[in-house]
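Scope of the values below: all heavy atoms of this structure, side chains included, with no hydrogens, waters or symmetry mates. Start at 1 and go down the list; that is how both ligands and their atoms are numbered. The structure presented is a predicted model; accordingly, all values stated were derived computationally and were not measured.
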Amino acid sequence: MLNKVLLFSFLISLVACDSGFSEKEKQEYTTKGKAIAQASFNELNANLMTQMKEGGTAKAVPFCKEEARNILAKLSKEHNAIIKRSSDQLRSCKIEPTIRELEIIEMYKDLKSHNKEINPVIEIDADNNKHFYAPIKIQAKCLTCHGKVNETMSIKTDSIIKSIYPFDIATGYSEGDIRGVWSITFNK
Ligand code: HEC
């Protein structure tokens, strides 16, 4: 019996070491990460929709180039975290995906292709930084600027985007596709 108890506590300690979080912390940081990602999405989306109403993609695309990362920098300060959007098909050349972000995107795409549930990931890295990752999925309204050219995205918008982002590879998506990840690092 004692052996079993010892073995059990040994196994539990292995599991706890694995993610580096206690169960309570895991819940706490998952909730926190989800709230920050949602607040960030809401703010980017509200700004984008205002620009689209005022001047369509001709206004909204340059706005995103100038302001998307500033908005995230402002929110990062407010939430005491580094808030980043990462992708394996980038438009902005100012975003550098980490190897871990690319691995998680790959994992999410794989889960999606098998119709499996996609959940946030929280983990602690070798430098003791706490990370939260969650999928960014393509919605119908994203297709205006990330869809298939001449199908769900107009040629006009494509040329506006190409003139500002000559190396853009962030098109060709369909609704529900994994566009990238929210990658949030909590400040110590
Ligand atoms: C008006 C056009 C437009 C719409 C609509 C739009 N985006 Fe974007 N998106 C952009 C531009 C422009 C950038 C590059 C911003 C920059 O330079 O920092 C971008 C960048 C991104 C990035 C960062 C990674 C990268 O490739 O630079 C993600 C993630 C993203 N968009 C997801 C979405 C999602 C999800 C939606 C729908 C909810 C959406 N976008 C709707 C224009 C748009």
Would you find more than 12 non-hydrogen atoms of other residues, nucleotides or ligands less than 6.0 Å from K188 atom NZ?
yes

Under 4.0 Å, heavy-atom basis, I'd like to know which part of I136 is in contact with ligand 1: side chain, backbone, both or neither.
side chain

Nearest neighbour of atom 4 (C) of ligand 1 from the list G147, C145, A170, S87, on a heavy-atom basis:
C145

Taking 4.0 angstrom as the limit and counting only heavy atoms of L90, give me the atoms of ligand 1 inside it, by number and element.
24 (C), 25 (C), 26 (O)

Does a side-chain N-to-carboxylate-O contact under 4.0 Å join K74 and E43?
yes

Counting each atom of ligand 1 from 1 as listed, which ones have a heavy atom of A60 under 4.0 Å away?
1 (C)

Ligand 1 contacted by Q89 (non-hydrogen, < 4.0 Å):
yes

Pick one of side chain, backbone, both or neither for how R179 approaches ligand 1, counting any non-hydrogen atom pair under 4.0 Å.
side chain

contact_flag F41 ligand 1 heavy-atom lt 4.0 Å
yes

Measure the distance from atom 28 (C) of ligand 1 to every protein heavy atom, then report the residue, atom name and distance (to 0.1 Å) of the closest one.
R85 NH1, 3.4 Å

Contact between L111 and E117 at the side-chain level, heavy atoms closer than 4.5 Å - yes or no?
no

Heavy-atom contacts under 4.0 Å between L48 and ligand 1: side chain, backbone, both, or neither?
side chain

At under 4.0 Å between heavy atoms, what of I161 touches ligand 1? The answer is neither

The protein heavy atom nearest to atom 37 (C) of ligand 1 is C142 SG, 1.8 Å

Quick test of your reading of the structure: of E67, M52, E66, R91, whose heavy atom lies closest to atom 11 (C) of ligand 1?
R91

With the threshold set at under 4.0 angstrom, would you say K137 reaches ligand 1 through any of its heavy atoms?
yes

In ligand 1, which numbered atoms sit nearer than 4.0 Å to a non-hydrogen atom of C64?
11 (C), 12 (C), 15 (C), 16 (C), 18 (O)

Measure centre to centre between the rings of F132 and Y29, then say whether the value is under 6.0 Å.
no

Does the side chain of N47 come under 3.5 Å of the side chain of Q51 through a donor N or O and an acceptor N or O?
no

Donor-acceptor pair between R85 and S183 side chains, under 3.5 angstrom
no

Would you call D88 and K109 a salt bridge, using N to O less than 4.0 angstrom?
yes

Ligand 1 to N45 polar contact by distance, N or O atoms, under 3.5 Å:
no

Does a side-chain N-to-carboxylate-O contact under 4.0 Å join K130 and E123?
no

Specify whether an N/O/S atom of H146 falls short of 2.8 Å from atom 8 (Fe) of ligand 1.
yes

For ligand 1, which atoms sit closer than 4.0 Å to a heavy atom of Y165?
12 (C), 14 (C), 15 (C), 16 (C), 17 (O)

